[in-house]
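These numbers come from the heavy atoms of this one structure, side chains and all, not from hydrogens, waters or symmetry mates. Note that the structure is a prediction, hence the values are computed from the model and not measured. Order of appearance sets the numbers: ligands from 1, and atoms from 1 within every ligand.
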Amino acid sequence: MTEDSSTLHEPKRSFGFSTRAIHVGQDPEPMTGAVTVPVFQTSTFAQEAVGKHSGYEYARTGNPTRTALERAFASLEEAAFGVDFASGLAAEDAILRLLKPGDHVVMGNDAYGGTFRLISKVFGPVGVGWSAHDLVDPQELEANWPKNTKLVWLETPTNPLLNIFDIAAIAKIAHSHGALLVADNTFATPYLQQPLNHGADIVVHSTTKYLGGHSDTIGGFVATNDAEIDGHLRFIKNAVGAVRGPWDVYLTLRGAKTLAVRMDRHLSNAAAVVDLLGSNDAVATVLYPGLEGHPGHEVAARQMSGFGGMVSFRAAGGRDAAIRIIEATELFTLAESLGAVESLIEHPGVMTHASAEGSPLEVPDDLVRLSVGIEDEADLLADLVQALRSGL
Ligand SMILES: *Cc1c(COP(=O)(O)O)cnc(C)c1O
């Protein structure tokens, strides 16, 4: 078995973010000079002699298109290692396989519904314990540290309530108890936040979202500076076959080249949307870490370089008003997912977070979640103004 990206030769920090997104792992192809990484659509690789090969043997184990993405994305997280997975959840599954029966995982009390389902319904029944904590106050976790905790799992900003957790403070507590900290960086993206630099041990992404950025493929990614964890992830990926085809990998790699310019536009459009929502009678509360009144504003300003493109709000008229607003938008498309060029709107309670109903991660039923896209600001604002009338 050959593992293909255990060494990262490219300079990690000497170039700026966009330069790394476009160039790391993506030198011109040596045979032809093609400037884009080819889609190596092959399942196997010819060997020169028995046991003598190019570094690639079989495409479940390694594929050059995938190697390019892994090097590029590791450099975006300023990480030594990175592994591409079939989906965000396949990536999470590989991380959770670090646990054994009897181990415990601590999660934040607001998280992607699928993460909660994976931990509680797949790992729970085979003996992994879990508990949900309000990590906004890390001292609560310190005071109630569950025994046998091996992993602390957080998202920040959280999905869908946009709470902020202090990565450095939580990493310190986890490490003092000998546990690892996993940070889901899907909402922030490496452009706005690098959790490993704040003490997290493992960063996970659904690259389906901002990294890919075009709503055209599913993918996951894990970055770490720990060679042993990287070895575990590669072993699991190969052993269970949680891989993507090279065409999907190529689309994600292509999407990420423009991450920085897309994020700048997501940020400015989100700021305009937050302003508009803040003064609309159909809106009870706007949830956005960029607001000075947001309880996590100071921590967010410290650990992020921008507050992101996701905005949630609670409808003043309750659940029915929330649903009327969501169904009245024309430009904001009613759909699950987030982080792509087009603006999306959804009702987490019924859609993305239905699996959390009745659990500690249940979300309010008057909540509306917006993924603010990169269309023209004026068009987005006009659509929201007309839709919010349905909420009065
Ligand atoms: C979508 C999402 C996931 C799951 O990723 P998939 O690519 O859909 O498997 C995990 N975490 C967060 C925060 C997400 O938004």
Side-chain angles (χ1 to χ4, degrees), residues 69 73 77 82-96 105 107-123 132 135 151-165 167 182-193 195 200 202-223 233 236-237 240 242-245 248-249 251-253 255-256 263 266 287 289 304 308-312 335-340 344-348 351-356 361 363 367 369-373:
L69 179 148
F73 286 16
E77 285 289 358
V83 188
D84 183 78
F85 281 95
S87 67
L89 283 171
E92 296 188 9
D93 172 70
I95 296 167
L96 289 162
V105 55
M107 351 175 17
N109 64 351
D110 184 35
Y112 177 67
T115 303
F116 173 65
R117 183 178 56 202
L118 178 63
I119 291 174
S120 65
K121 302 233 165 76
V122 178
F123 284 86
L135 299 175
L151 277 187
V152 176
W153 192 290
L154 62 77
E155 293 172 16
T156 181
T158 65
N159 178 4
L161 294 171
L162 301 171
N163 288 319
I164 298 293
F165 298 147
I167 300 169
V182 180
D184 183 332
N185 205 28
T186 300
F187 269 37
T189 83
Y191 182 59
L192 302 179
Q193 173 173 277
I202 301 173
V203 173
V204 60
H205 281 279
S206 168
T207 60
T208 310
K209 317 294 169 51
Y210 287 104
L211 277 159
H214 295 75
S215 296
D216 52 9
T217 185
I218 299 281
F221 184 74
V222 185
L233 295 168
I236 294 294
K237 182 177 87 165
V240 310
V243 300
R244 301 198 290 168
D248 279 21
V249 173
L251 286 173
T252 306
L253 184 59
M263 287 314 294
H266 284 297
L287 307 176
M304 304 175 77
M310 298 299 296
V311 179
S312 293
E336 298 193 5
S337 200
L338 61 106
L344 302 178
I345 189 165
E346 68 124 359
H347 187 273
M351 297 170 63
T352 47
H353 289 67
S355 61
L361 282 80
V363 297
L367 192 73
R369 190 187 77 180
L370 303 175
S371 174
V372 181

> How many angstroms lie between CD in Glu155 and OG1 in Thr115, if you round to the nearest 0.5 Å?
Replying inline: 5.5 Å
>> Please report the interatomic distance CG(Leu135) to CG(Asn163), rounded to the nearest 0.5 Å.
In response: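 Rounded to the nearest 0.5 Å, the CG-CG separation comes out at 9.5 Å.
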> Do the rings of Phe221 and His205 sit parallel, tilted or perpendicular, given the 30° and 60° boundaries?
Replying inline: tilted
Indicate yes or no for a side-chain donor-acceptor contact from [X] to the backbone of [Y] under 3.5 Å, with no hydrogens or angles considered.
{"X": "Glu77", "Y": "Gly82", "answer": "no"}
{"X": "Ser312", "Y": "Pro160", "answer": "yes"}
{"X": "Asn185", "Y": "Val203", "answer": "no"}

Please give the N or O to N or O pairs under 3.5 Å between ligand 1 and the protein, distances rounded to 0.1 Å.
residue	atom	partner	partner atom	Å
ligand 1	5 (O)	Ser206	OG	3.0
ligand 1	7 (O)	Gly88	N	2.9
ligand 1	7 (O)	Ser206	OG	2.8
ligand 1	7 (O)	Thr208	OG1	2.8
ligand 1	9 (O)	Gly88	N	3.1
ligand 1	9 (O)	Leu89	N	2.9
ligand 1	11 (N)	Asp184	OD2	2.7
ligand 1	15 (O)	Lys209	NZ	2.8

